[in-house]
There are 2 protein chains.
Amino acid sequence: MGRRSGILEFAVLGLLRESPMHGYELRKRLNTSLGVFRAFSYGSLYPCLKTLVQRGWLAEEPGDEPEDSLAAPLAGRRAKIVYRLTAEGKERFEELLSQTGPDTWEDEGFGVRFAFFGQTSRDVRMRVLEGRRSRLEERLAKMRTALARTRERLDDYTLELQRHGMESVEREVRWLNELIESERAGRDQNRGETPPDPSDDTA
Amino acid sequence: MGRRSGILEFAVLGLLRESPMHGYELRKRLNTSLGVFRAFSYGSLYPCLKTLVQRGWLAEEPGDEPEDSLAAPLAGRRAKIVYRLTAEGKERFEELLSQTGPDTWEDEGFGVRFAFFGQTSRDVRMRVLEGRRSRLEERLAKMRTALARTRERLDDYTLELQRHGMESVEREVRWLNELIESERAGRDQNRGETPPDPSDDTA
DNA sequence: GTTTTCATGTAACCCGTTACATGATTCA
DNA sequence: TGAATCATGTAACGGGTTACATGAAAAC
């Protein structure tokens, strides 16, 4: 049925990477723990889970039926379904994480990637941060040329809106610069799989 | 057919309020002049125009056929169709403009409203700005409580993401404060477009 | 024992995009 | 005369939402 390649898939894979969960809890975490995301609805979440299972990224697990087997075990039991990330799902998530192309859902995609930085190696983090920065810089360039072409014809309000928009983007670029800097500096206190390679100071 | 109540309708009405246009030009202005908007495609624009005509917000005008009537005037002519905002369309736009409820497409809706401030009366501007501000403050409050509830369980990256997000919102609130302040101050001095609709009205 | 909350789902819709198709006008 | 660009449109899809329906477990 569904192609199901949206940002929801990405977020679900990322959350399930931390630990298995059933749908209901998954949704709560989508809307709170990862407070950055917009609220997803069950109407999108459950179908998404199904197609992810079909593709082999997720596996359903029987979930904790309340430990007594009173009801006939083959009756129409619809207990909690706990979803677990398969090895293929892990690969898929990794692939999505490190994608830096322009087909990256821009803002939201970065939010998701960043939210999962804790489970990521330093070079992936660097690639994501730098990718984001360069795309923001492209955007800035476009805004500037567009502004230069139309400046005269725009009223003060539109101008102010553009100015504020550009300033916001510039601000995020500075933020990224700080993050990149601190990733570079923090090469010793890292977690796990960063190869000790003291030779990359050149930008 | 289509209900067609999205942000595209809003932007189209606003642009056509300035002057009649045909679809192709409309689209260009959607993507450049109002540089804030995302790029709309013809696939959404033309159907939108049609339904707006059906509803009476827009009227088609014969458009400038190239001034010679060489081709038989009743042949399958598909010349430029120039769209003009009707009186009802103007009302509709006004209504959309001054809507400050929470069903306001949040970010993009504000962008559109702001982009048309030049054609707006000061009290509408004030309402839009203050509405935006209060909704941002609600959002901030939610973020703060959510953060307070989950702070311990979050890793440093997630925390930093939330911090940056909140700072961005706070920054926009300050920006709004300045704008509101300057709207308030500019009631007598300043360029004289303060009173509502000095030139045209009542089509 | 009733109300809340947990938990899973489905059908219909919404607002947009992509890819495609067509024809008129301008310009080298 | 042929290519670019102007100009209008359609069909299929995409990734989500809303509203609805159901039922089990927990809380009161």
Side-chain angles (χ1 to χ4, degrees), chain A residues 1-12 20-31 37-53 58 60-72 75-83 103 105-106 108-109 112, chain B residues 1-12 20-31 37-53 58 60-72 75-83 103 105-106 108-109 112:
Chain A
M1 304 277 182
R3 262 268 139 300
R4 210 59 69 176
S5 73
I7 204 171
L8 179 53
E9 168 193 326
F10 191 12
V12 164
M21 259 179 282
H22 56 268
Y24 191 86
E25 188 181 353
L26 207 38
R27 195 225 165 182
K28 271 202 300 190
R29 306 223 22 206
L30 282 171
N31 298 265
F37 302 163
R38 70 162 173 296
F40 293 99
S41 61
Y42 298 122
S44 34
L45 177 56
Y46 284 114
C48 174
L49 287 171
K50 285 217 173 133
T51 71
L52 291 184
V53 169
L58 302 186
E60 298 183 1
E61 282 181 352
D64 53 341
E65 0 193 4
E67 104 176 356
D68 62 43
S69 301
L70 290 181
R77 50 176 239 8
R78 201 171 52 132
K80 277 201 269 192
I81 301 174
V82 172
Y83 293 92
D103 53 331
W105 307 293
E106 284 304 325
E108 289 200 314
V112 178
Chain B
M1 306 272 181
R3 262 268 143 299
R4 210 59 71 177
S5 72
I7 204 170
L8 179 53
E9 167 193 328
F10 191 12
V12 164
M21 260 179 283
H22 55 268
Y24 191 87
E25 189 181 351
L26 206 40
R27 193 225 166 183
K28 272 202 299 191
R29 306 222 24 206
L30 281 172
N31 297 263
F37 302 162
R38 69 163 173 295
F40 293 99
S41 62
Y42 298 122
S44 34
L45 177 57
Y46 284 114
C48 173
L49 287 171
K50 285 217 171 134
T51 71
L52 290 185
V53 169
L58 302 186
E60 298 183 2
E61 282 181 351
D64 55 341
E65 358 194 3
E67 105 175 357
D68 61 42
S69 302
L70 291 181
R77 51 176 235 14
R78 200 173 51 133
K80 278 200 271 194
I81 301 175
V82 173
Y83 293 93
D103 54 331
W105 307 296
E106 282 305 323
E108 287 200 314
V112 177

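Since the structure is predicted, the reported quantities are computational estimates derived from the model, not experimental observations. Residue numbering restarts at 1 for every chain, and letters A, B, ... go by the order of the sequence lines.
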field: Atom pair distance, as rounded to whole Å: CD in B:Glu60 and P in D:dA7
entry: 16 Å
- request: Please determine, for the side chain of B:Tyr83, which listed nucleotide (D:dG9, D:dG16, C:dG9) has the closest atom?
  value: D:dG9
task: Using side-chain contact (heavy atoms from CB on, under 4.5 Å) as the criterion, list what pairs up with B:Tyr46, not counting sequence neighbours.
output: B:Tyr24, B:Tyr42, B:Leu49
task: Quickly work out the A:Glu25 CD to C:dC6 C1' distance and round it to whole Å.
output: 11 Å
- request: Rounded off to whole Å, could you give me the CG-to-P distance for the A:Leu49 and C:dG9 pair?
  value: 8 Å
Would you list the protein and nucleotides 10-12 of chain C atom pairs, both N or O, that sit under 3.5 Å from each other?
from   : atom 1 : to      : atom 2 : distance (Å)
C:dT10 : OP2    : A:Lys50 : NZ     : 3.4

message: Rounding to an integer number of Å, can you tell me how far A:Met21 CE sits from C:dT8 P?
response: 12 Å
statement: In whole angstroms, the gap separating C1' of C:dT8 from OH of A:Tyr24 amounts to 11 Å
query: Could you give the CD-to-P distance, from A:Glu9 to D:dG14, as a whole number of Å?
result: 13 Å
Listed nucleotide nearest any side-chain atom of A:Lys80, set C:dT8, D:dG16, D:dG9: C:dT8
message: Rounded to the nearest 0.5 Å, what separates atom OG in A:Ser44 from atom CD in A:Glu9?
response: 13.0 Å
Of the listed nucleotides D:dG16, C:dT8, C:dT17, the one nearest the side chain of A:His22: C:dT8
